[in-house]
Amino acid sequence: MTATSLRDLGSSLRRLAGSGVGVVRVLERHGFGTVESGQMLVGTAAGERAGELYRGALDDSAAPLAAASAAAPQTRDAHVAEAAALDAGLACAGGATLLGHPLPAGHAEALGAALESGVPAALVSTADGATALVLTGPALETVTGELGSPTLDEAAAAAARTLLRRGATVTEQIPTEAGDLLLDLWVPVPTVLIVGAGAIGDALTAQAALLGWDARSESGLDATVAAVTAFSDADVLVLLDHDPAFDAALLAGLAHGRGFLGALGSRRTQAARRERLLGAGVTEEELAQVHGPVGLDIGARTPAETAVSIVAQVVAQRSGRAGAALAAAPGRIGA
């Protein structure tokens, strides 16, 4: 799912939370070619629904299952013929076992809020859908619900946090002594908003694509401010344009309180921007949230190297790391 579709799904999940929500997830599959993990469709007994499964190819089976599973968990086998699979944009025909199960209001609100705001989230259930829990937050530290025993809860949390270190959305069955768990983990994909033109902007777009991130460019002030105002926690602003008018984008980002705010420029440019922001009422604590000059100190000299330094700082910030050399870092590598 794209960053936008995940946010839309989160918003819909929050809206439906009080209406009795059933969720449908892929328990097992064969065929279809390469497909995205983290597929989910949600619905209510009244027929409202959001999300899709495999580009909509499984929705004819999933939609009624979501409505029925708002009351009780159940599974359903579904098959998609070759022609229908190709029409949906899949590589080939396939089949799946779908798990539908209720999602209590508190679970739905917690999961929806995380998806909407762009923070990591995981939904873990027993393979029969009888119980479920939701983990949310940068380190999946907030837990809503339980699986029936502290041992299962701990196994689910440990598995989700281990998978989170990979930095990718994933769907997996987790074997435990008490039975299999179905785990869907959503890791938000950053959208990099590049404001200003030039070689560094082009290099940033290319670097974002290499990482599987989204990227967009803006040159107009109003469009930039609107985009920053709508930021999720996963989104990134890289301000290349030195025009003081674009201070408004930084002010909007600080007021909104979400996303990574970065600005390029010399020490003189940064000092001037700092004075203007202080004059606009920004506090020293708030100024610390503006990364300027943006990027890690890796000795970057070319646009491509500068792009690497910028995305490296974003990755470090998202991971809660200082961006130091691995040799000097305590603990496990990649943990």
Side-chain angles (χ1 to χ4, degrees), residues 1 6 9-30 37-54 56-80 94-115 121-136 142-157 159-160 170-186:
M1 294 184 178
L6 266 182
L9 179 58
S11 178
S12 296
L13 193 51
R14 296 186 72 188
R15 177 174 56 81
L16 299 174
S19 303
V21 175
V23 300
V24 179
R25 304 149 69 203
V26 179
L27 184 62
E28 295 179 348
R29 74 170 180 95
H30 60 270
S37 297
Q39 301 279 323
M40 183 170 67
L41 184 145
V42 305
T44 68
E48 292 186 273
R49 75 186 211 197
E52 63 179 13
L53 295 183
Y54 295 167
L58 291 172
D59 288 4
D60 286 347
S61 296
L65 178 58
S69 63
Q74 51 191 287
T75 59
R76 183 172 300 177
D77 291 329
H79 180 76
V80 180
T97 299
L98 305 179
L99 171 65
H101 63 86
L103 197 64
H107 293 58
E109 173 63 30
L111 180 58
L115 295 178
L123 172 60
V124 190
S125 71
T126 52
D128 61 3
T131 56
L133 62 78
V134 171
L135 301 101
T136 58
T142 302
V143 181
T144 302
E146 56 187 23
L147 293 172
S149 77
T151 300
L152 272 181
D153 293 349
E154 291 169 7
V170 66
T171 297
E172 282 200 11
Q173 286 201 41
I174 308 298
T176 75
E177 292 183 358
D180 289 351
L181 303 176
L182 177 61
L183 186 154
D184 281 300
L185 168 69
W186 294 272

(Q) So if I apply the side chain to side chain contact (heavy atoms under 4.5 Å, CB included) rule between Met40 and each of Val24, Val23, Leu103, which one comes out positive? (A) Val23
Q) So how far is it from Arg76 CZ to Thr97 OG1, rounded to the nearest 0.5 Å? A) 12.0 Å
Q. Between Leu115 and Trp186, does a side chain to side chain contact (heavy atoms under 4.5 Å, CB included) hold up when you go through it step by step?
A. CA-CA 8 Å; Leu115 295 178; Trp186 294 272; 3.9 Å; yes
(Q) For Asp180, give me all partners under side-chain contact (heavy atoms from CB on, under 4.5 Å), at least two apart in sequence or on another chain. (A) Ala127, Gln173, Pro175
Q. Salt bridge (charged side-chain N to carboxylate O under 4.0 Å, His left out) with Asp184: which residues, sequence neighbours excluded?
A. Arg25
Q: With sequence neighbours excluded, tell me which residues meet side chain to side chain donor-acceptor pair (under 3.5 Å) with Asp59.
A: none
**Q.** Closest contact, heavy atoms only, Thr44 versus Ser19
**A.** CG2-CB, 4.1 Å
Counting only pairs under 3.5 Å, give me each side-chain donor-acceptor contact of residues 60-72, with atom names and distances, residues two or more places apart or in other chains.
residue	atom	partner	partner atom	Å
Ser69	OG	Leu65	O	2.8
Ser69	OG	Ala66	O	3.3

Q. Partners of Ala114 by side-chain contact (heavy atoms from CB on, under 4.5 Å), sequence neighbours excluded?
A. Val119, Ala121, Thr136
(Q) Determine whether a donor-acceptor pair (N or O, by modelled atom type, separation under 3.5 Å) exists between the side chain of His101 and the backbone of Gly22. (A) no
Q) Glu154: what forms a side chain to side chain donor-acceptor pair (under 3.5 Å) with it, not counting sequence neighbours? A) none
Q. So Leu182 and Leu123, side chain to side chain contact (heavy atoms under 4.5 Å, CB included) or not? Walk me through it.
A. CA-CA 8 Å; Leu182 177 61; Leu123 172 60; over 6 Å; no
Q: Could you tell me which non-hydrogen atom of Val80 sits nearest to which non-hydrogen atom of Ala57, and how far apart they are?
A: CG2-O, 3.5 Å
Q) For Leu98, which of Leu58, Leu27, Leu41 qualifies under side chain to side chain contact (heavy atoms under 4.5 Å, CB included)? A) Leu58
Q) Got a second to check how far Thr126's OG1 is from Ile174's CD1, nearest 0.5 Å? A) 13.5 Å
Q.
For Arg29 versus Tyr54, what's the shortest heavy-atom pair and its separation?
A. CD-OH, 2.9 Å
Q.
A side-chain contact here means heavy atoms from C-beta on lying under 4.5 Å apart; do Val143 and Asp153 qualify?
A. no
Q | Test side-chain contact (heavy atoms from CB on, under 4.5 Å) applied to Thr151 - qualifying residues, sequence neighbours left out | A | Ser149
**Q.** Heavy-atom closest contact (Pro73 atom, Gly129 atom, distance)
**A.** CB-O, 3.6 Å
**Q.** side-chain contact (heavy atoms from CB on, under 4.5 Å) partners for Ala178, two or more places apart
**A.** Leu152, Thr176
Q. What pairs with Glu28 under salt bridge (charged side-chain N to carboxylate O under 4.0 Å, His left out), at least two apart in sequence or on another chain?
A. none
Q. Listed by chain and number, what are the side chain to side chain donor-acceptor pair (under 3.5 Å) partners of Thr75, not counting sequence neighbours?
A. none
**Q.** Of all pairs that satisfy salt bridge (Lys or Arg N to Asp or Glu O under 4.0 Å), the ones with a partner from residues 95-105, not counting sequence neighbours
**A.** none
Q: Would you give the length of the straight line joining atom CG of Leu135 to atom CG of Leu183, rounded to the nearest 0.5 angstrom?
A: 8.0 Å
Kindly list each side-chain donor-acceptor pair under 3.5 angstrom involving residues 104-111, sequence neighbours excluded, with atom names and distances?
residue	atom	partner	partner atom	Å
His107	NE2	Ala132	O	3.0
Glu109	OE2	Arg14	NE	2.9
Glu109	OE2	Arg14	NH2	2.8

